[in-house]
Amino acid sequence: MTADVATEIFEEHRPVLTGVAYRMLGRVADAEDVVQEAWLRWAAAGREDVREPRAFLVRITTRLAIDRLRHLQSRRETYPGPWLPEPVVTDFGPALPDTAERAVLAESVSLAVLVVLESLSPLERAVFVLREAFGFPYAEIATALDRTEAAVRQLAGRARRHVEERKPRYDVDPAERRDLTERFLAAASGGGIEQLLALLAPDVRLVTDGGGKAKAALRVIETADKVGRFLLAVADEVDPDGEVRLLELNGGPAVVFFTGGKADTVFQIEVSQGVIQCAYIIRNPDKLSGLPVE
C-alpha cells in the first residue's frame, strides 16, 4: 500500500473517527488530537496485514480516546461550575436526509446526551458510542476494546440502561425548537418577564458553563421565575453592536452571540410539550474558538 493510498483511506474514514472521538471526549480539540495520533499510528503501521482499515482505525481511535478520557475525567472533577461539551456545528449532509438514522446521530451528539455520557466509565462510554451512535456490531466492538463479545454486550446493556434512566425526555422536532428559540429571543430582547415565563416549563433548568474564564452561574438554576430573571439579566448585558446568528449546533438550533468578531456566548434549548424544559449557556472561550465567524 503506497503512502498516497494510505492517506486516501484515512481521509475516507476521518469523519467517523472524528465523530467517535468527539462523542467520547466532548471537545473538538481533544477529538482532533486523538485523530491526529491515530493518523500517526496508521502511517507507521505495517498496513500490508490490515485487511479491514475501517475496523483498524476505529480500534486505534477508540483506545486513544479511552486513554485521554481517563485523564480528562480527573481534571473535570475540579472544573469551576457545571461542565458542558464544546459546541460543534452539525451538518449531516444530503447523504442523511430526515431519517431515523439522522435522528439517532443528532441525539447522540446533543448536549443533553453528552452530559449524561460523562457519568459513564470510559469503557461503557466507548461501547455506547460505537453501538448506539454508529451501529458497530458487537464482535467489532469487542475486537476494538480487546474484550469478549459477551463482556461487550454486558457493558452495552449497562450503559444503555444508565443513559435511559438519566436522559431527559425532550422533543426532537427541529422546527418546534427553532420556533421556540426565536420566540425566546423576541421575549428576551423585549424585556418582558411575563412573555418569557410563558415559554418556560415550571421546573425548567438552566446550565451555564463559563469555565472560570467568563461570567456564568456556578450552579444549575432551577424554576421558571429564577431562570427567567437570570436570562433577562443576561440579555441586558448583550453587546448591542454584536451579531446574533442562529446555527445548527449539536443536532439542534442554537443562538450564537458574537462580539468583536468572536463567538462570545452559545445559547441552546431543549423542548418538551411546547415549552422550554432546559437551557444551556456556554461562555468558556476555550470552547467557542472553533465556531465559524462568517
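Just the heavy atoms: all of them, side chains too, but no hydrogens, waters or symmetry mates, feed the values below.
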**Asked** Can you name the residues that form a ring-ring contact (aromatic ring centres under 6.0 Å, His included) with Phe267, not counting sequence neighbours?
**Response** Phe184
**Request:** Using the side-chain hydrogen bond (donor to acceptor under 3.5 Å, both in side chains) rule, collect all pairs that involve residues 150-159, keeping only residues at least two apart or in two chains.
**Result:** Glu124-Arg158, Glu149-Arg153
**Residues clustered with Trp83, ILVMFWY side-chain links under 4.5 angstrom** = Tyr79
**Complete:** For Leu218, the hydrophobic cluster (side chain heavy atoms closer than 4.5 Å, chained through members) also holds none
**Request:** Salt-bridge test for Arg68 and Glu37: reply yes if a basic N is under 4.0 Å from a carboxylate O, no otherwise.
**Result:** no
**Complete:** Sorted by chain and number, sequence neighbours left out, side chain to side chain donor-acceptor pair (under 3.5 Å) with Lys226 holds for none
**Item:** Which residues share a ring-ring contact (aromatic ring centres under 6.0 Å, His included) with Phe257, sequence neighbours left out
**Value:** none
Got a list of side-chain donor-acceptor pairs under 3.5 Å for residues 137-147, not counting sequence neighbours?
{"from": "Tyr138", "atom 1": "OH", "to": "Arg160", "atom 2": "NH2", "distance (Å)": "3.3"}
{"from": "Thr143", "atom 1": "OG1", "to": "Ala139", "atom 2": "O", "distance (Å)": "3.1"}
{"from": "Arg147", "atom 1": "NH1", "to": "Leu145", "atom 2": "O", "distance (Å)": "3.1"}

**Message:** Under the rule for side chain to side chain donor-acceptor pair (under 3.5 Å), what residues qualify as partners of Tyr280, not counting sequence neighbours?
**Reply:** none
**Request:** Please list, chain by chain and in numerical order, all residues satisfying salt bridge (Lys or Arg N to Asp or Glu O under 4.0 Å) with Arg178, sequence neighbours excluded.
**Result:** Glu182
**Message:** If the condition is salt bridge (Lys or Arg N to Asp or Glu O under 4.0 Å), which residues does Arg169 pass it with, not counting sequence neighbours?
**Reply:** Glu164
**Asked** Under 4.0 Å between a Lys/Arg side-chain N and an Asp/Glu carboxylate O for Asp67 and Arg63?
**Response** no
**Set of salt bridge (Lys or Arg N to Asp or Glu O under 4.0 Å) partners for Asp203, sequence neighbours left out** = none
**Request:** Identify the two heavy atoms, one from Val227 and one from Ile221, that lie closest to each other, and give their separation to 0.1 Å.
**Result:** CG2-O, 3.6 Å
**Message:** Could you work out, with side chain to side chain contact (heavy atoms under 4.5 Å, CB included) as the rule, every residue matching Thr259, not counting sequence neighbours?
**Reply:** Asp239, Asp264
**Request:** Given salt bridge (Lys or Arg N to Asp or Glu O under 4.0 Å), test Asp173 with Arg177 step by step and report yes or no.
**Result:** CA-CA 6 Å; Asp173 183 355; Arg177 289 179 72 185; over 6 Å; no
